[in-house]
Amino acid sequence: MKTGAPNGAKMIIERLREAGYEAYAVGGCVRDAVLGRQPEDWDITTSALPERVTELFSDLRVVPTGIKHGTVTVLADGESFEVTTYRVDGEYSDHRRPESVRFTASLEEDLARRDFTINAMAWDPFTDEIVDPFGGMRDIEDRTVRCVGEPEKRFSEDALRVLRALRFSSVLDFEIEEKTARAVREMAGDLEKIAGERIRAELVKLITGRGAARALLEYREVFAVILPELEPLMGLEMHDRFEYFDAYERTVSALESYRGGDPVTAAAILLRNVGVPTGTNGEKLAREALYRLRYPLDEIKKISELVKYSGEYILHTKKAVRRLASALGYEQVSRLLELKRADALAMCEAERARPWADVDGISRIFEEVKLEGEPPSLKNLAVSGGDIMALGVPKGKRVGEILSSLLDAVIDEECENEKEALIERAREML
Ligand code: ATP
Ligand code: MG
């Protein structure tokens, strides 16, 4: 095994065994440890019932996270570990969640309920034994995502697995096995029944993964369901001054050029052309899509702001970049430049040679602007609405107009950000 188990996980497994139960590390952490990737979290599977697990770790913090499904979280050695009782999922009636679960004494039954062979292995960190009844090790070697059991049946139990297949294929850069791939295409429509937040959790990982472009191109029907805003782009022929291109393919190609791994930037690149088919800016459509997928509100704001500004031409001047920084903040300008860089890389060479594709030029100016400190904004302007009203301007729209032209003057370096100078300038406007 390339990655060792953390002390907390070993301690939990050891204590469960000393009490006479079976216990193993299981699922994603085993897969990642075999691959030499750092597991996000370590899950433990055991033959002990949840009440027993709770008792056995009563000296530690135990949280009954999903007690009905047999899961408790144990805090050990400063980390938290989900400990889940061996279980079999009951009947699925709605393509989402099992009606009930049944605990079992059989590790193999527990592994059989899991989605993909690479996720259906248990590992003993003391002996290094791997329990692998479905050929997960072989599939890791072959870099393959394959369902445990019949793909159609497994996807009809829980349609989220359709998207998880693409997620693992993207993040691990694995191919999807043929029968599993066929079922992904056939069952894509069932994703409509899955809650937005579950889709989002997988989508975020998928679009920042190494194999995202391949998944987006080869399994369009999946994305047409979870992001119907993208469907009109598929096969939409467009042209710039130099060549014809498919709007969807160019969008995906831009995403492929982006290697930064920031989920906000990646989502903005993916959504940045959704307005093209209707000749709109796309901000509104992007926002609606993100709401539907239950993105956190602050991310919706950031992503849709990037979509809004993505089509705007940034002049290669300090003034223009300063204005942009003042409106968006440095972090968002960095993202916008990453987006524009990715866009430019997806263009043909001739198009890329034109001034608006010169993102490096703007980036250099942006670096200089950043050295000037925080960008001027209404928040750090040396005068406030109160100061303007004190000059006799009645409360209302005019106050805001004066403030924003003062801000422009500061940004354009026509005036110091200093109270007396600004008041003087405001007086001239009255
Ligand atoms: P990550 O590294 O992103 O956490 P993971 O493989 O650990 O990936 P989780 O969503 O954390 O994925 O789930 C943990 C394990 O539970 C999986 O490895 C798999 O065995 C099982 N599992 C999770 N979701 C499903 C599902 N929808 N259907 C079947 N098994 C699942
Ligand atoms: Mg996990």
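Excluded from the calculations below are hydrogen atoms, water molecules and symmetry mates; all remaining heavy atoms, backbone and side chain alike, are included. What you see is a predicted model; the values in this text were computed from it and never measured. Along the sequence shown, the residues carry numbers beginning at 1. Ligands are counted one by one from 1 in listed order, and the atoms in each one are counted from 1 as well.
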Heavy-atom nearest neighbour in the protein, as seen from atom 4 (O) of ligand 1, with distance rounded to 0.1 Å: Asp41 OD1, 3.9 Å
Would you check if there is a donor-acceptor pair between the side chains of Ser363 and Arg341 at a distance under 3.5 Å? yes
To the closest 0.5 Å, what do you measure between CD1 (Ile12) and OG1 (Thr46)? 10.5 Å
If you take the centroid of each ring, where Trp contributes its six-membered ring, are Phe134 and Phe116 closer together than 6.0 Å? no
N/O to N/O below 3.5 Å, does that happen between Gly28 and ligand 1? yes
Does NZ or CZ of Arg17 fall inside the cone over Tyr24's six-membered ring, less than 6.0 Å from its centre and within 45° of the axis? yes
Taking Thr208 for its side chain and Val204 for its backbone only, find out whether a donor-acceptor pair lies under 3.5 Å. yes
In the protein, what heavy atom is nearest to atom 13 (O) of ligand 1, and what distance, to one decimal place, separates them? Arg164 NH2, 3.9 Å
Using a 3.5 Å distance criterion without hydrogens, assess whether the side chain of Asp32 forms a donor-acceptor pair with backbone atoms of Cys29. no
Part of Glu202 within contact of ligand 1 (heavy atoms, under 4.0 Å): neither
Could you say whether the N/O atoms of Arg154 and ligand 1 ever approach to under 3.5 Å? no
Heavy atom of Lys205, distance to ligand 1 below 4.0 Å: yes
Could you give me a count of protein N/O/S atoms that are under 2.8 Å from the Mg ion (ligand 2)? 1
Protein contact of atom 2 (O) of ligand 1 - nearest heavy atom, named by residue and atom, plus distance: Arg31 NH2, 3.2 Å
Quick test: of every protein heavy atom, which one is nearest to atom 30 (N) of ligand 1, and how far off is it to 0.1 Å? Asp115 N, 3.2 Å
With heavy-atom distances below 4.0 Å as the criterion, list the atoms of ligand 1 near Gly27. 18 (O)
Taking atom 20 (O) of ligand 1 as the reference point, report whether a protein heavy atom occurs under 4.0 Å from it. yes
For the side chain of Arg292 and the backbone of Ile226, is there at least one donor-acceptor N/O pair under 3.5 Å apart? yes
Phe116 to ligand 1, any heavy atom closer than 4.0 Å: no
Close approach, Asp43 and ligand 1, non-hydrogen under 4.0 angstrom: yes
Check whether Arg185 reaches the backbone of Glu221 with its side chain - one donor and one acceptor, N or O, closer than 3.5 Å. no
Report the nearest protein non-hydrogen atom to atom 15 (C) of ligand 1: residue, atom name, distance rounded to 0.1 Å. Arg114 NH1, 3.8 Å
For the CH2 atom of Trp123 and the CH2 atom of Trp42, what is their distance to the nearest 0.5 Å? 4.5 Å
Check Arg143, Arg214, Arg167 against Asp173 for a salt bridge (charged side-chain N to carboxylate O under 4.0 Å, His left out) and give me the one that passes. Arg214
Between the side chain of Ser170 and the main-chain N/O of Leu166, is any donor-acceptor distance below 3.5 Å? no
Parallel, tilted or perpendicular: rings of Tyr330 and Phe366 (30°, 60°): perpendicular
Out of Arg161, Arg113, Gln38, indicate the one that has the non-hydrogen atom closest to atom 26 (C) of ligand 1. Arg161
Taking atom CG of Asp124 and atom CD1 of Ile13, what is their separation to the nearest 0.5 Å? 7.0 Å
Identity and separation of the nearest protein heavy atom to atom 3 (O) of ligand 1: Arg167 NH1, 2.7 Å
Examine the side chains of Thr280 and Thr278 and answer whether a donor and an acceptor come within less than 3.5 Å of each other. yes
Which segment of Asp158 sits under 4.0 Å of ligand 1 when only heavy atoms are counted: side chain
Atoms of ligand 1 under 4.0 Å from any heavy atom of Phe168, numbered from 1 in the order shown, are 6 (O), 8 (O)
